[in-house]
Amino acid sequence: MQNAKYNFMGMYKKSFIIWGVAAVLFCVSFAVRGLSESIDFTGGRNYVVTLDKETPVEQVRQSLAGAFVNTIGENAGKEANTSVIALGTDGKTIRVSTNWDIESNSPTVDDEAETILYNALKKGGFISQANVEDFKNPDVRQGGSIISSAKVGPAVAKDITYGAIISVIIALIAIFLYILLRFRNVAYSTGATIALALDALVVIGMYSALWGIVPMSLEIDQVFIGAILTVIGYSINDKVVVFDRIRENFQLYGKRDRQQLFNDSLNQTLARTINTSVTTLIVLLCIFILGGDSIRSFSFAMILGVIFGTLSSLFIAAPTAFLVMGRTIREDEAAAE
């Protein structure tokens, strides 16, 4: 990558088309498939359960399929959203999340939910507790039991959803203002913000397209929102480095062709961009492969963010900034010399 002479700017139409098509496809996926929302955003109950024996989590999912069917509200008669993920490394601890009858105000609904869970796990042979009372007792671990439980009501879930959306929007606005203050040029702010928005859209879109297909949990929860904000923070760092080099070259070679200056700057920072991304990916891949299921979704979002954040720095941020400056990109220009 030393002395690279790639014509990144001349590829802008192909880049914009590819990213634009991806954005449209992901928007269609949102409309058709939606997202695998956790109870943080839908409301529901979380149960951390220890099983009687080491069991593949997929078998537990199959056992709980159809167990929770809503009985009230507009979703009456429909199966509730229920997810199961493994916790830890012992193969016996799982987390079950469900939004079954979350709108019910009945004082017995919590006991009913735990009874449904007990019956489903008992039928599947995953626990051997003689009665549901022992299953609900966290002090009776032998034979399987509920270790802990938590409930998020619909009102709280709406507040969390609103807060998550606002946090991402505020992050993008703050970064726009920061870049504007740093470079005193709205073109850089616009290029960076559009690229960051696309980074976030691609990561969220991949979760929409892949949930239920890949053999891992792709729930959208507060941890995932933390991953999105981390991706935005990581990605802007690379874009600032590229823009810094562009500004530096403008000062050193003020009479040189502007498009060539952009290409020179992208090529000069290419080694740094790739090396930083690869070293970060090594760590993230270790977490993804060796870490538990509870952190795998977070690391997967970060991996996607690092990959697409690097690509957007080269193919989206810089060309967009150049166009916002009011200049025209020549596609047939030779590589920067």
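Small disclaimer: the values here were computed from a predicted structure and weren't measured.
Ring planes of Phe224 and Tyr207: tilted class, angle from 30 to 60°. Note on ring orientation: taking the six-membered ring where Trp is involved, the planes of Phe183 and Phe243 are perpendicular (angle over 60°, cut-offs 30° and 60°).
With rounding to the nearest 0.5 angstrom, the CZ atom of Arg327 is 10.5 Å from the CE atom of Met9. The CH2 atom of Trp100 sits 4.5 Å away from the CD atom of Glu112 when rounded to the nearest 0.5 Å. Rounding to the nearest 0.5 angstrom, the gap separating the CZ atom in Phe68 from the CD1 atom in Ile116 is 5.5 Å. For the atom pair CG (Asp199) and CD1 (Ile232), the distance works out to 8.0 Å, reported to the nearest 0.5 Å. Atom CZ of Phe8 sits about 13.0 Å away from atom CD of Gln259, to the nearest 0.5 Å.
No option in Ile85, Val49, Val84 other than Val84 meets the side chain to side chain contact (heavy atoms under 4.5 Å, CB included) test with Val60.
Distance alone, capped at 3.5 Å, places no donor-acceptor pair between the Thr50 side chain and the Gly144 backbone. The backbone N or O of Gln129 lies less than 3.5 Å from a partner atom in the side chain of Tyr118, making a donor-acceptor pair. Panel note: side chain Asp101, backbone Ser104; no donor-acceptor pair is recorded below 3.5 Å.
Sorted by first and then second residue, the pairs that involve residues 269-286 and meet salt bridge (charged side-chain N to carboxylate O under 4.0 Å, His left out), not counting sequence neighbours, are Asp238-Arg272.
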- Task: List the steps, then state whether side-chain hydrogen bond (donor to acceptor under 3.5 Å, both in side chains) holds for Ser128 with Lys53.
- Result: CA-CA 9 Å; Ser128 58; Lys53 58 184 178 180; over 6 Å; no

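No single ILVMFWY cluster, assembled from side-chain heavy atoms under 4.5 Å apart, contains both Ile160 and Ile102.
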